[in-house]
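In what follows, a single structure is set out as structure tokens and then discussed.
Protein chains get the first letters and strands the later ones, always in sequence-line order, with residue 1 at the start of each. Note: hydrogens, waters and symmetry copies are ignored here, and every other heavy atom, side chains too, is used. The structure displayed is predicted, hence computed values, not measured ones.
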Number of protein chains: 2
Amino acid sequence: MQIGSKFTIGVHIITAIDYFKDMDRVNSEFLAGSIGVNPVIVRTVISQLREAGIVQTQRGSSGAELTKRLDEITLYDIYKAVGSVDTEEGLFHFHEQPNPDCPVGRNIHKVLDQRLIDAQKAMEEKLRSTTLADIVEDTRQAVNNESNEEKE
Amino acid sequence: MQIGSKFTIGVHIITAIDYFKDMDRVNSEFLAGSIGVNPVIVRTVISQLREAGIVQTQRGSSGAELTKRLDEITLYDIYKAVGSVDTEEGLFHFHEQPNPDCPVGRNIHKVLDQRLIDAQKAMEEKLRSTTLADIVEDTRQAVNNESNEEKE
DNA sequence: GACGGTTGTAATATATCACATTACAGCTAA
DNA sequence: TTAGCTGTAATGTGATATATTACAACCGTC
């Protein structure tokens with residue numbers, strides 16, 4: 001089991017929108033090329049980011065813009081925006097029909113649920129601690145290191 | 001996306017093995033009845049718990065036994081035993097073909113990977129903090145509360 | 001105002017995976 | 001030897017992630 005790639009795609013999209021904002025026409029096809037997926041996937045993810053108030057787009061004209069500062073967007077915001085984990089169901093899928101006639105069966109939910117929620121929250125808190133400013137900065141840094149290595 | 005129910009089934013199994021150890025013949029059919037799944041699923045999960053050194057079984061004769069003390073088994077041990085998350089791949093599925101000709105594309109992995117690993121580890125650490133002794137105790141407690149409520 | 005380029009989204013296809021189910025050989029205790 | 005159980009393979013089925021095609025709605029520009 002894995003959390004779908006729409007999450008890392010979302011991070012990639014926002015990073016690229018900022019990174020290329022003054023250089024290229026950052027449309028869905030350009031992004032799809034950088035990410036390595038179909039343009040429709042990019043548009044779908046951008047739609048979800050738009051609904052979450054993170055980016056802004058316009059039909060017809062090309063290019064998305066961020067509506068928040070990079071340091072106000074966390075990994076968690078993107079994770080949430082693209083629906084990485086269903087809010088109702090949670091990260092852990094509980095077996096659905098424990099037997100109510102069995103003392104263990106009818107209490108296991110009660111006993112486990114909060115601990116599972118806590119584990120999920122611990123992961124989500126970690127995601128909150130990184131902002132897209134961190135990601136973009138680290139990306140620029142990595143690119144700089146590349147050109148330094150070339151010179152040697 | 002969700003972590004499969006084999007994890008909560010595993011917890012249920014160990015809890016029931018301990019809870020009923022002096023009362024019933026705890027075979028795969030009995031467990032399947034308590035959990036509400038097919039007996040083969042139970043046997044599969046028990047197989048994985050056995051490979052992880054948590055339970056011990058015998059062909060022919062019925063009933064599994066724990067090979068560790070309850071307070072030496074954590075939720076994480078079960079999570080790991082049943083392969084809730086693939087060790088190679090990790091919890092987060094990264095899009096697989098970021099473009100190496102794009103500065104963002106060829107660096108996004110480097111920049112994101114450690115942060116994703118950290119988030120996953122935070123969740124797993126939480127799972128480590130609960131032992132099956134906690135779960136069984138809370139279950140007995142819950143059962144006691146039931147009979148108290150009846151008397152009122 | 002017609003046109004090229006773009007977005008938003010529906011519809012469909014495909015592969016993978018979780019779980020269910022059947023079947024049966026191997027084993028143990030009585 | 002028999003009854004009952006386990007271990008596991010094989011197969012079915014539904015759900016889901018991602019890819020892809022198609023097209024209407026829309027914008028800036030000539």
Side-chain angles (χ1 to χ4, degrees), chain A residues 1-10 12-13 17 24-33 35-52 55-65 79 81-86 88-89 91-98, chain B residues 1-10 12-13 17 20 24-33 35-52 55-65 79 81-86 88-98:
Chain A
M1 172 304 318
Q2 286 190 298
I3 286 173
S5 60
K6 278 165 68 181
F7 171 48
T8 60
I9 291 173
H12 193 140
I13 286 173
I17 288 176
D24 287 86
R25 311 188 73 172
V26 185
N27 60 27
S28 66
E29 193 149 359
F30 176 91
L31 288 168
I35 297 167
V37 296
N38 193 287
V40 176
I41 306 290
V42 172
R43 289 182 218 142
T44 309
V45 174
I46 287 182
S47 279
Q48 294 178 296
L49 296 173
R50 174 162 34 78
E51 280 164 28
V55 305
Q56 181 184 340
T57 57
Q58 281 183 345
R59 276 192 183 216
S61 80
S62 109
E65 289 178 10
Y79 158 96
V82 302
S84 295
V85 169
D86 186 271
E88 309 288 312
E89 303 287 339
L91 177 60
F92 296 92
H93 184 196
F94 216 105
H95 51 288
E96 282 164 16
Q97 299 171 338
Chain B
M1 174 299 321
Q2 285 190 299
I3 286 171
S5 59
K6 280 165 67 181
F7 171 48
T8 60
I9 290 173
H12 192 140
I13 286 173
I17 288 177
F20 293 110
D24 286 85
R25 310 187 74 172
V26 185
N27 60 25
S28 66
E29 194 150 359
F30 177 90
L31 288 168
I35 297 166
V37 295
N38 194 287
V40 177
I41 306 291
V42 172
R43 290 183 218 141
T44 308
V45 174
I46 287 183
S47 277
Q48 295 179 295
L49 295 172
R50 173 162 35 78
E51 281 165 27
V55 305
Q56 182 184 339
T57 57
Q58 281 183 345
R59 275 195 182 212
S61 80
S62 109
E65 288 177 11
Y79 158 96
V82 303
S84 296
V85 169
D86 186 270
E88 307 290 310
E89 302 288 340
L91 177 61
F92 296 91
H93 185 196
F94 216 105
H95 51 287
E96 283 163 15
Q97 300 173 335

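Here the C1' atom of nucleotide D:dT6 and the CZ atom of B:F30 are 17 Å apart, to the nearest Å. When rounded to the nearest whole Å, the span between CZ of B:F94 and P of D:dT18 equals 13 Å. Atom CD in A:E29 sits roughly 12 Å away from atom P in D:dT21 (whole-Å rounding). The distance between atom CD of B:Q48 and atom C1' of D:dT8, rounded to the nearest whole Å, is 12 Å. To the nearest angstrom, C1' of D:dT18 lies 9 Å from CG of A:N38. Rounded to an integer number of Å, the gap from CZ of A:R25 to P of C:dT7 is 9 Å. With rounding to whole Å, A:Q56 atom CD is found 11 Å from C:dG8 atom P. Look at CD on B:E96: it is 15 Å from P on D:dA17, rounded to the nearest Å.
Projected onto DNA chain C by closest heavy-atom contact, A:T57 and B:R43 fall at different nucleotides, the more 5' of which corresponds to A:T57. Between B:H93 and B:I46, the residue whose closest nucleotide on DNA chain D is further toward the 5' end is B:I46. Between B:S28 and A:Q2, the residue anchored nearer the 5' end of DNA chain D, judged by the nucleotide with its closest heavy atom, is B:S28.
Side-chain proximity of B:I41 to the nucleotides D:dT18, C:dT21, D:dT8 is greatest for C:dT21. Nearest to the side-chain atoms of A:M1 among the listed nucleotides D:dA19, C:dA18, D:dG7 stands C:dA18. Ranking D:dA19, C:dC19, D:dT18 by closeness to the B:S5 side chain, first place goes to C:dC19. Closest contact between the side chain of B:R50 and the listed nucleotides D:dT8, C:dT6, C:dT9 involves D:dT8. Which of C:dA20, C:dC19, C:dT9 sits closest to the side chain of B:K6 comes down to C:dC19.
The shortest side-chain heavy-atom distance between B:I35 and A:Q97 does not fall under the 4.5 Å cut-off. Here the side chains of B:T57 and B:E65 are not in contact, with every heavy-atom distance at 4.5 Å or above. Counting only heavy atoms from C-beta outward, the side chains of A:I13 and A:V55 never approach each other to under 4.5 Å.
Under the side-chain contact (heavy atoms from CB on, under 4.5 Å) criterion, B:E89 pairs with A:Q2, B:D86, sequence neighbours left out. Judged as a side-chain hydrogen bond (donor to acceptor under 3.5 Å, both in side chains), and not counting sequence neighbours, the contacts of A:E96 are A:H93. In this structure, the ring pair (Phe, Tyr, Trp, His ring centres under 6.0 Å) partners of B:H95, at least two apart in sequence or on a different chain, are A:H12.
Remark: A:T44 is not in phosphate contact with C:dG8, judged by side-chain N or O atoms under 4.0 Å from OP1 or OP2.
Judged as a side chain to side chain donor-acceptor pair (under 3.5 Å), the pairs with a partner in residues 37-48 of chain A (not counting sequence neighbours) are, in order, A:K6-A:Q48, A:S28-A:R43, A:S47-A:R50.
For A:R59 against C:dG8, a side-chain-to-base donor-acceptor contact under 3.5 Å is absent.
Here A:N27 lies in heavy-atom contact (under 4.0 Å) with sugar-phosphate atoms only.
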Task: Steps toward side-chain contact (heavy atoms from CB on, under 4.5 Å) verdict (B:I9, B:V82) - done: CA-CA 10 Å; B:I9 290 173; B:V82 303; over 6 Å; no

Below 3.5 Å between N/O atoms, which protein atoms pair up with nucleotides 12-14 of chain D? Just atom names and distances, please.
none

